[in-house]
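Atoms within each ligand, like the ligands themselves, are counted from 1 in listed order. In what follows, residues are counted from 1 in the order of the sequence shown.
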Amino acid sequence: MKFDDLQRQIIMDHYKHPQNKIEQAPEGYTEKRGLNPSCGDDVTIYLLLEGDVVKDLKFKGDGCSICCSSASIMTNEFIGLTISEVEAKFDNFSQMVSGHEYVEELFEDAICFNGIKDYPARFKCAIISWDTAYKLVRGE
Ligand code: ZN
């Protein structure tokens, strides 16, 4: 399945009006930077963990529309989850964008990236913020 109009619209909405995007590093958060040199994407993820629950996630940085909208969507998808739920969701997102089977019900706006599998060159753009947040949550 290629991107349809609704998917494009969700991606562009998050690109133009990103959620949880900040300019200054927040205090008391751990952070991790993710780079995708082939496209120029450069995002830093900020995490506030409470016990094993993701209390808050923010991101900073620049990149293409896919990268920035994916980071915005990722924060919404991960906030409120436990570490093991983040791991499960990341695994399924990774499966989805690489064209493998995944659990559709896990996702809200992130489902709009299921068309990425037809554009392998953009895979890294879609997953860089997710991969960085996943490693951050796992303390890697
Ligand atoms: Zn990109």
Side-chain angles (χ1 to χ4, degrees):
M1 181 174 127
K2 302 266 182 190
F3 286 111
D4 62 24
D5 288 346
L6 178 63
Q7 290 177 310
R8 280 182 201 283
Q9 195 185 327
I10 294 170
I11 290 171
M12 288 317 289
D13 276 356
H14 277 274
Y15 180 55
K16 288 180 188 154
H17 309 287
Q19 295 177 26
N20 298 304
K21 188 177 185 196
I22 51 169
E23 300 301 326
Q24 294 271 318
E27 227 166 282
Y29 286 56
T30 55
E31 64 177 84
K32 191 170 182 71
R33 192 174 176 191
L35 295 171
N36 174 21
S38 64
C39 181
D41 303 321
D42 179 352
V43 289
T44 302
I45 311 294
Y46 300 93
L47 166 71
L48 187 63
L49 210 54
E50 197 175 77
D52 73 337
V53 174
V54 175
K55 182 91 174 148
D56 196 21
L57 273 172
K58 306 273 187 212
F59 77 100
K60 177 163 85 83
D62 285 302
C64 63
S65 57
I66 298 288
C67 169
C68 293
S69 61
S70 185
S72 171
I73 288 170
M74 176 279 293
T75 58
N76 285 343
E77 294 272 2
F78 279 170
I79 289 172
L81 301 188
T82 64
I83 294 171
S84 56
E85 286 169 339
V86 166
E87 290 171 343
K89 206 168 204 178
F90 173 78
D91 285 344
N92 276 276
F93 185 77
S94 175
Q95 292 281 100
M96 174 171 76
V97 295
S98 58
H100 296 94
E101 277 190 38
Y102 63 96
V103 182
E104 212 174 310
E105 295 72 36
L106 280 177
F107 299 105
E108 294 175 35
D109 281 355
I111 207 81
C112 68
F113 289 107
N114 69 4
I116 282 287
K117 64 179 184 295
D118 297 318
Y119 304 86
R122 310 305 296 278
F123 172 82
K124 198 85 197 284
C125 301
I127 208 164
I128 185 74
S129 63
W130 290 67
D131 183 58
T132 305
Y134 168 78
K135 288 175 176 151
L136 185 58
V137 165
R138 286 164 56 96
E140 291 174 14

Legend entry - Opening angle at the Zn ion (ligand 1) [SG, Cys39; SG, Cys64; to 10 degrees]: 110°
Legend entry - Apex the Zn ion (ligand 1) - arms SG from Cys125 and OD2 from Asp41 - angle rounded to 10°: 90°
Legend entry - Partners passing ring-ring contact (aromatic ring centres under 6.0 Å, His included) against Tyr15 (at least two apart in sequence or in another chain): none
Inset, instruction - Look at atom CD of Gln95 and say whether more than 12 heavy atoms of other residues, nucleotides or ligands are closer to it than 6.0 Å. - result: yes
Inset, instruction - Give a yes or no on whether Cys67 keeps an N, O or S atom under 2.8 Å from the Zn ion (ligand 1). - result: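 No, Cys67 does not qualify, because none of its backbone or side-chain N, O or S atoms lies under 2.8 Å.
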Inset, instruction - List in chain and number order the residues that pass side chain to side chain contact (heavy atoms under 4.5 Å, CB included) with Asp13, two or more places apart in sequence or in another chain; answer none if no residue qualifies. - result: Gln9
Legend entry - Asp131 with Lys135: basic N within carboxylate O range, under 4.0 Å: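 Lys135 and Asp131: salt-bridged.
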